[in-house]
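What follows is a short report on a single structure.
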Amino acid sequence: MNLQQVSYANELEPEPGPRTLANPTTPWNSRLRELAKQRQFSQALTLYRHMLRSGCFPNTFTFPVALKSCALLLFPLLGSQLHAHVLRSGCESDPYIRTSLISMYCKCSLVHNARKVFDEIGQWRNFTICYNALISGYTFNSKIFDSLVIFGRMREAGLLVNSVTMLSLVSGCTLPNHLGIGMCLHGCCFKFGLDSDLSVANCLLTMYVKCGEVQRARELFDEMTEKNLITWNAMISGYAQNGLAGHVLELFRDMKLSKIRPDPVTLLGVLSSCANLGAQSIGSEVERQIEYCGFGSNSFLTNALINMYARCGNLVKARAIFDSMAEKSVISWTAIIGGYGIHGHGEIALNLFYEMIKSGIRPDETVFVTVLSACSHAGLTDEGLKYFDAMEMNYGLQPGPEHYSCLVDLLGRAGRLKEAMNLIKSMKVKPDGAVWGALLGACKIHKNVELAELAFERVIELEPSNIGYYVLLSNLYSDAENLEGVLRVRVMMKERKLKKEPGCSYVEYKGKVHLFFSGDRNHSQTEEIYRMLDELESLVKEIHPSSENEEILVGTGVHSEKLAIVFGLLNTKPGIDITVMKNLRVCVDCHLFIKLVSKIVNRRFVVRDATRFHHFSDGVCSCKDYW
DNA sequence: TTAGGGTTAG
């Protein structure tokens, strides 16, 4: 219970007052409804208090608004008092008030009280709205099975099932293991003829997205003859949350063609995809659209813009937007700290964290993940350990597996494998795939086959289809010239039907994306590119004889990042930075190649891979942790 | 009683 609620509760204690005929209820009720419509719920409750004090008696039109205000402000104590007022007023037999009471108790997580109200309904229980309120309440409290039981009773009683019933049920299927229930409910919607109801169809679409079935969601989306803004948003954010950024941009284009105007929710999904793809030109277009539509003050969008610019390599712009924000939330700080972190500016990231604390913002678990990863990218091992300890000691935050995986990564990269292993053993929470994966990555860097085998065994128990770990171990065996090991991993991959996602690199040039795969010969400048690459490779080999046995599982083709780098060299003037995006991680071989080329041709390269930015110039890379 | 949302390593 919060302080505000205590003050309300105390002030409500002696009410309701004596009923006077001189003070009619209707004008009070109209004002109450108006406030609720404007979502000014605390003001509505204040008005309710004044109403009682002035001797006006609440009626069946008063309680639903007051109860809804308590539900949305999470004031259970006040809600219980209102329940008492309802009983005193003799309105308890009104099914709408019963419904409001059930909903209020459920929103305040007092499901038992809600159930009591429901069970006491007696002669009034044959109302669909009461069943709907309880079903929705169970769903709200993640009790999908209880919802289904009530739904069953409702069917037995022969009550009318309407779209709200289905919305309340379907919205409870939010996890992949709910897919079966979700599909049955889809069948029910069809049976009751409710699947053509737009809100139900939108809810089903969201259910498929949340259960990880994006393809099914898309099929439903395509089948829908009527679509509204919510339909488009559900599909766009569904793709965005599942990392299908390319699909998001495609769908956004279709949406514009269908003349539906985007709202802030749409633009958020689009911006997060621009951030993932490094599509700065589309991101800037969205920024102009935000201004044009008057969404400039939406802090969700501003935070997304900071993230987008930082991830597209434009830290200056990201910082300018951050600095211009009047109110910076912990999320704004996380976005900018993370931005500096992925660019390898660990010290700036830590200074920003310090500034955040100074400005009175309480850090949360997420900001610590970005701080620890910033330390990791910048090779600031001891600082990272310090912040990890501070998390619990100074701020009372329990580290989760995501913090441990950062720390294992940090220690592992510094070669402190034993400490990393001991840290995992000391964990209070169960280590997840990322924790063992970080250890496996560290073993690869420091060529520790024995520990790698242990980490691999654990990690594939937890994430059997994550191809990256198989490649990592296979490459480690290959480094150690353990061909039997390489073969064993290959057989495992074949048995489990795992195929590596093809690596690709791309460059945005003159408004067009130039995409390259490994060994690609489809680009119009292929001849020139390969000729120049040959020349560069001979120059590089003169300075540094590089190893060629990386990524053996991919084959021996020319890596995509090399093609993209050379494309940039051929098409841009000296003095201009060449920016390349890669979907996976840059391999060691290419990392070295680009480093040396930057010295030979005296150019600066910026490469963004799956985890961070690499800034190459004069034979050096900005990241301190690349092996 | 009712569907869509920002920050997170590898």
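By convention in this document, chain letters (A, B, ...) are assigned in the order of the sequence lines, proteins followed by strands, and residues within each chain are numbered from 1.
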Note, A/Thr206 side chain near A/Lys210 side chain (heavy atom, < 4.5 Å): yes
Options B/dT1, B/dA3, B/dG6, nucleotide nearest the side-chain atoms of A/Asn303: B/dG6
OP1 or OP2 of B/dT8 under 4.0 Å from side-chain N/O of A/Arg311: yes
Sugar-phosphate, base or nothing in reach of A/Ser199, heavy atoms under 4.0 Å: base
A/Leu167 side chain, from C-beta outward: closest of B/dA3, B/dT8, B/dG5: B/dA3
Touch class at under 4.0 angstrom, heavy-atom based, for A/Ser405 against every strand present: base
Proximal nucleotide (of B/dG5, B/dA9, B/dG10) relative to the A/Val265 side chain: B/dG5
OP1 or OP2 of B/dA3 under 4.0 Å from side-chain N/O of A/Lys227: no
Closest listed nucleotide, where the reference is the side chain of A/Ser373 and the choices are B/dT7, B/dA9, B/dG4: B/dA9
side-chain N/O A/Asn228 vs B/dA3 OP1/OP2, d < 4.0 Å: no
Phosphate contact (B/dG10 OP1 or OP2) by A/Thr611 side-chain N/O below 4.0 Å: yes
Sugar-phosphate, base or nothing in reach of A/Ser103, heavy atoms under 4.0 Å: sugar-phosphate
Under-3.5 Å donor-acceptor pair between A/Asp263 side chain and B/dG4 base: yes
Sugar-phosphate only, base, or nothing, as touched by A/Ala335 at under 4.0 Å among non-hydrogen atoms: nothing
Touch class at under 4.0 angstrom, heavy-atom based, for A/Lys328 against every strand present: nothing
Set of salt bridge (Lys or Arg N to Asp or Glu O under 4.0 Å) partners for A/Glu213, sequence neighbours left out: A/Arg216
For A/Lys116, all residues meeting salt bridge (Lys or Arg N to Asp or Glu O under 4.0 Å), sequence neighbours excluded: none
A/Thr99, nearest nucleotide to its side chain (from B/dG10, B/dA3, B/dT1): B/dT1
Cation-pi, A/Phe41 ring and A/Lys68 (6.0 angstrom, 45 degrees): no
